[in-house]
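Just below is one structure, and these are the notes that go with it.
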2 protein chains.
Amino acid sequence: MAAVLQKKIRVILADDHPVVRDGLAAMVNQQPDMEVVAEAGDGEEAIALYQRHQPDVLVLDLRMPKCDGLAVVQRVLEINPKARLLIMTTYDGDEDIFQCLSHGAKGYLLKDAPRQEILSAIRAVSEDRPYTSSTVAAKALQRMAKPSLTERELDVLELVAQGRSNKDIARRLSITEGTAKTHVKSILTKLDAISRTEAVAVAHKRGLIRL
Amino acid sequence: MAAVLQKKIRVILADDHPVVRDGLAAMVNQQPDMEVVAEAGDGEEAIALYQRHQPDVLVLDLRMPKCDGLAVVQRVLEINPKARLLIMTTYDGDEDIFQCLSHGAKGYLLKDAPRQEILSAIRAVSEDRPYTSSTVAAKALQRMAKPSLTERELDVLELVAQGRSNKDIARRLSITEGTAKTHVKSILTKLDAISRTEAVAVAHKRGLIRL
DNA sequence: GGTCGCCTCTCCCATCTGGGGGATGGCGTT
DNA sequence: AACGCCATCCCCCAGATGGGAGAGGCGACC
């Protein structure tokens, strides 16, 4: 077959779990049309290896030590706007999906995806075709209809999620308690929550905050 | 070497991510002294396959579809009190660790562990030696000093984490608002939290509640 | 220059929350 | 039977929270 002669898809894997890297690498290297050229265990490494190897596809976990997945997406796309990124993660909050795709990632899939789906996603992305499962795409669309939080509101939200009081939040952000309350109220409205605790629950579900 | 002649360690892998199973299977099967005899993608399957194959070691993810990891631990140990279970998960909350180990799991390690550590854990557990990394062991010990929540308190905690008000919680549990408040107060005391939102944060960190 | 969004701050007020008590009955263990 | 633990209920009350409305300063964008 002539297909065998064409260049293989060169893949870099970035995931902080050695087991996952092994699994992916085994799967990829078994395919005649693709190969793993490097593996990264954290975000910085992923960026460095991308620059050195200029792979066809970078398979990226969100949530890695040193440099969050989204930050890697941004930095890699700054370096090469045509970079082909496939996000592969366990997190299915609309915020993560929306952020990655809107920043220019070509694909997004969940770690519990079957082998075949992972491989076809890599092939799709390598040809610059977007890959998104229907459930993931649906979440991205859902998210678009929802209001975004401002940076300041995210600052406040994080503290709310830690269980801080308005007074405490005000102290930490060097603002008035009244202002903190204003931000919290705005957060409640945007997240359609009645209480701060519900806001935290919603924020968690959406992937607005971590841990 | 005579060692090659001895029976291989028979391993079952239970994890809902095909990628992780592949990675583990590849690692294990490369070892001369162990082999994977079956793989499960959910809790029920894990129990069924354990009964059928009676492996030397069951490597188990917490948080799987159909039957939570801890439930699998309990059921398998009911079937065979001498079963050797190695928990392998991303969750490092003291509660998960404590529950699994106190129910009789022989080992507990995190998915970001390096290959060598995973393999030595499997070997240790197969010989009925406990395996626990120092950080994991430390958390289990920490947890022992902390008060446990009662079942009812856990019911309430779950609703608190969803952002429900005391009144709402009372309605859902068919109790008085006053009683709901009593439970919440008790939860706050036990978790050493000042507000319900902080209680939720602590509970999350400890693995008392999921998602 | 005007408009818009964001951050900041202010005031009022009803309600919820959390801390301090105490009390009852059930249920299992000793 | 006596004990402890738990779940259930009750009281009071200070302080935090959430809802509503408004307003000034500032930078970005048109």
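We name chains A, B, ... by the order of the sequence lines, and we start the count at 1 in each one.
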Residue whose closest nucleotide on DNA chain C lies nearer the 5' end, A:Lys190 versus B:Ala193 | A:Lys190

Find which nucleotide of DNA chain D each of B:Lys185 and B:Ser195 is nearest to by heavy atoms, and output the residue with the more 5' nucleotide.
-> B:Lys185

Return no unless some side-chain N or O of [X] is found under 4.0 Å from OP1 or OP2 of [N].
{"X": "A:Asn166", "N": "D:dA16", "result": "no"}
{"X": "B:Thr176", "N": "D:dC9", "result": "yes"}
{"X": "A:Thr150", "N": "C:dC7", "result": "yes"}

Measure from [atom1] on [X] to [atom2] on [N] and round the result to the nearest Å.
{"X": "B:Glu151", "N": "D:dC6", "atom1": "CD", "atom2": "P", "value": "11 Å"}
{"X": "A:Asp192", "N": "D:dG19", "atom1": "CG", "atom2": "C1'", "value": "14 Å"}
{"X": "B:His183", "N": "D:dC5", "atom1": "NE2", "atom2": "P", "value": "17 Å"}
{"X": "A:Leu149", "N": "C:dG5", "atom1": "CG", "atom2": "C1'", "value": "14 Å"}
{"X": "B:Leu188", "N": "C:dG20", "atom1": "CG", "atom2": "P", "value": "11 Å"}
{"X": "B:Lys167", "N": "D:dT17", "atom1": "NZ", "atom2": "P", "value": "18 Å"}
{"X": "B:Glu177", "N": "D:dC10", "atom1": "CD", "atom2": "P", "value": "11 Å"}
{"X": "B:Arg196", "N": "D:dG18", "atom1": "CZ", "atom2": "P", "value": "10 Å"}

Any donor-acceptor pair under 3.5 Å between the side chain of B:Thr179 and the base of D:dC10?
-> no

Ignoring hydrogens and angles, answer whether the base of D:dC9 and the side-chain atoms of B:Thr182 contain a donor-acceptor pair closer than 3.5 Å.
-> yes

With the side chain counted from C-beta on, respond yes when A:Thr90 and A:Leu110 share a heavy-atom pair under 4.5 Å apart, and no when they do not.
-> no

Consider the side chain of A:Ile175, meaning its heavy atoms from C-beta on, and name the nucleotide among C:dG19, D:dT8, C:dC9 that approaches it most closely.
-> C:dC9

With heavy atoms under 4.0 Å as the rule, sort A:Lys181 into base, sugar-phosphate or nothing.
-> base

What does A:Gly178 touch in the nucleic acid at a heavy-atom separation under 4.0 angstrom: a base, only the sugar-phosphate, or nothing?
-> base

Check the side chains of B:Tyr50 and B:Asn80 for a donor-acceptor pair under 3.5 angstrom, ignoring hydrogens and angles.
-> yes

Show the numbers, then the answer: is there a salt bridge (Lys or Arg N to Asp or Glu O under 4.0 Å) between A:Arg63 and A:Asp16?
-> CA-CA 9 Å; A:Arg63 242 61 60 98; A:Asp16 57 334; over 6 Å; no

Apply the test salt bridge (Lys or Arg N to Asp or Glu O under 4.0 Å) to residues A:Lys8 and A:Glu35: give CA-CA distance (whole Å), side-chain angles for both, the deciding distance (0.1 Å), then the verdict.
-> CA-CA 6 Å; A:Lys8 288 188 178 184; A:Glu35 65 180 337; 5.0 Å; no

Over 12 foreign heavy atoms within 6.0 Å of NZ, B:Lys146 | yes

